[in-house]
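It should be emphasised that the depicted structure is a prediction, and the values quoted were computed from it without experimental measurement.
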Amino acid sequence: MAKQVLVLVVLLCVAPLSALAQKADVGFVVGASFTSDSTIRVTCPGTLPCTIILPVEGFGTIHPDHRIFLEGAFGVRLLDAKLASLHLELPVAGIPSQPLTVKVLSVLSTTPFDHLSSVYVTPAIKVKLLPAASFSPWGSIGGGVAHFSSDSGVSTNKGALQFGGGVDIKTNIPLLGFRAEVRDFLTGDPHTANFLGVPSLTTESGLHRHNLLVGGGVVLRF
């Protein structure tokens, strides 16, 4: 058993090096994020300041504001069939300090009650069409983890499903290219601070929170 484990470890170490010798690229992308709202159930305990703001309990939403995102993606080519190629990639994306506002019944907060930062790490498989052409469209799907941290000190780890697509554009400079892409990181709801001391609980479970990233950048090919 020990020998079998050792052989497996060696194969896992050698395989990425073999793929890297074939082809590798690193992409750096920046753009805008669009995050779906989270539905919450707010329970008013009947004490100040809750009774002033929320006389009764009800449903509401937490709205993350649009924010810039930063992403780096490392990829290695596993197979080249000329018309299409298969790649293993590791996209790592982050959204810093998204302001969070809340609306319950007809009450809308005018200032953020918290700020949320997000990091997504999702190993994926990517298929690229016409990899040798000047314009190469591609699609990606994978899964991993999302880490959320708020200014209030609350941290959450959630599973993440990533899917998206884009196009790589070659230039006359051998190592340099450009990339335009759209990715969606589907996660669960992160934990945040309670709104003005009012206990709240998200009403949805599972992977339902869309974190859509739209942007462009550069690609370095090796």
Side-chain angles (χ1 to χ4, degrees), residues 12 16 24-42 60-76 87-102 109 111-126 138-166 179 181-219:
L12 290 175
D25 61 63
V26 180
F28 301 95
V29 175
V30 62
S33 65
F34 304 88
T35 303
S36 58
D37 295 346
S38 299
T39 303
I40 57 173
R41 172 91 180 182
V42 177
T61 56
I62 295 177
H63 174 69
D65 198 5
H66 303 313
R67 215 63 171 178
I68 191 173
F69 79 88
L70 302 172
E71 178 199 297
F74 174 72
V76 293
H87 302 252
L88 178 66
E89 71 163 355
L90 178 62
V92 179
I95 307 174
S97 195
Q98 277 182 294
L100 302 178
T101 54
V102 67
S109 62
T111 58
F113 71 94
D114 205 351
H115 289 75
L116 186 71
S117 296
S118 313
V119 177
Y120 310 94
V121 182
T122 53
I125 291 294
K126 180 170 69 176
W138 52 266
S140 170
I141 185 169
V145 64
H147 176 74
F148 303 99
S149 58
S150 67
D151 286 357
S152 60
V154 181
S155 295
T156 315
N157 292 319
K158 294 286 184 176
L161 174 65
Q162 180 271 144
F163 54 91
R179 173 173 293 175
E181 69 172 42
V182 178
R183 294 185 194 263
D184 191 2
F185 296 87
L186 197 60
T187 70
D189 286 321
H191 299 306
T192 59
N194 289 334
F195 172 57
L196 296 179
V198 180
S200 62
L201 180 66
T202 56
T203 60
E204 298 175 275
S205 60
L207 302 179
H208 63 273
R209 186 179 193 262
H210 293 274
N211 305 273
L212 188 66
L213 311 183
V214 183
V218 299
V219 180

K.L.:
Hey, could you give me the CG/OG1 distance between Leu90 and Thr122, rounded to the nearest 0.5 Å?
P.N.:
7.5 Å

K.L.:
Return the CG to OG1 distance between Asp189 and Thr156, rounded to the nearest 0.5 Å.
P.N.:
9.5 Å

K.L.:
Determine the minimum heavy-atom distance between Ser97 and Ser117, stating which atoms define it.
P.N.:
N-OG, 2.9 Å

K.L.:
Any donor-acceptor pair under 3.5 Å linking the side chain of Ser38 with the backbone of Ile62?
P.N.:
no

K.L.:
At what distance, to the nearest 0.5 angstrom, does CZ of Phe34 lie from CG of Leu213?
P.N.:
9.5 Å

K.L.:
Looking at Pro99 and His115, what are the two nearest heavy atoms and their distance?
P.N.:
CA-CD2, 3.6 Å

K.L.:
Assess whether side-chain contact (heavy atoms from CB on, under 4.5 Å) is satisfied between Asn211 and Phe69, documenting all intermediate values.
P.N.:
CA-CA 10 Å; Asn211 305 273; Phe69 79 88; over 6 Å; no

K.L.:
Hey, mind stepping through Leu186 and His210 against side-chain contact (heavy atoms from CB on, under 4.5 Å) and telling me if it holds?
P.N.:
CA-CA 5 Å; Leu186 197 60; His210 293 274; 3.4 Å; yes

K.L.:
Taking all non-hydrogen atoms of both residues, which atom of Val219 and which atom of Asp25 are closest, and how far apart?
P.N.:
CG1-CB, 3.9 Å

K.L.:
Do Arg67 side-chain atoms and Ser33 backbone N/O form a donor-acceptor pair below 3.5 Å?
P.N.:
no

K.L.:
Using a 4.5 Å cut-off on heavy atoms from C-beta on, say whether the side chain of His208 contacts that of Ser36.
P.N.:
no

K.L.:
Looking only at heavy atoms, what is the nearest atom pair of Val29 and Gly215, with distance?
P.N.:
CG1-C, 3.8 Å

K.L.:
Before you tell me yes or no, could you show the steps for Lys158 and Leu207 under side-chain contact (heavy atoms from CB on, under 4.5 Å), namely the whole-Å CA-CA distance, both residues' side-chain angles and the distance that decides it to 0.1 Å?
P.N.:
CA-CA 9 Å; Lys158 294 286 184 176; Leu207 302 179; over 6 Å; no

K.L.:
Do Asn157 and His147 have side chains that get closer than 4.5 Å, going by heavy atoms?
P.N.:
yes

K.L.:
Tell me whether Thr101 contacts the main-chain N or O of Thr111 through its side chain, where contact means a donor paired with an acceptor under 3.5 Å.
P.N.:
no

K.L.:
Are Arg183 and Glu89 close enough for a salt bridge, meaning some N to O gap below 4.0 Å?
P.N.:
yes

K.L.:
Tell me, do Leu88 and Ile125 make a side-chain contact under 4.5 Å, heavy atoms counted?
P.N.:
yes

K.L.:
Please examine the side chains of Gln98 and Phe148, heavy atoms only from C-beta on, and report whether any two atoms are closer than 4.5 Å.
P.N.:
no

K.L.:
Under the 3.5 angstrom rule, does the side chain of Asp184 hit a backbone N or O of Val182 as a donor-acceptor pair?
P.N.:
no

K.L.:
How are the rings of Phe185 and Tyr120 set to each other: parallel, tilted or perpendicular (split at 30° and 60°)?
P.N.:
parallel

K.L.:
Determine the minimum heavy-atom distance between Pro96 and Ile68, stating which atoms define it.
P.N.:
CD-O, 3.3 Å

K.L.:
Find out whether Leu116 and Pro64 are in side-chain contact, i.e. whether some heavy atom of one side chain is under 4.5 Å from a heavy atom of the other.
P.N.:
no

K.L.:
Mind listing the closest non-hydrogen atom pair of Pro123 and Gly144 along with its distance?
P.N.:
CD-CA, 4.3 Å

K.L.:
Report the C-alpha separation of Val102 and Thr61 in whole Å, then their side-chain angles, then the decisive distance to 0.1 Å, and conclude whether the side-chain contact (heavy atoms from CB on, under 4.5 Å) test is met.
P.N.:
CA-CA 6 Å; Val102 67; Thr61 56; over 6 Å; no

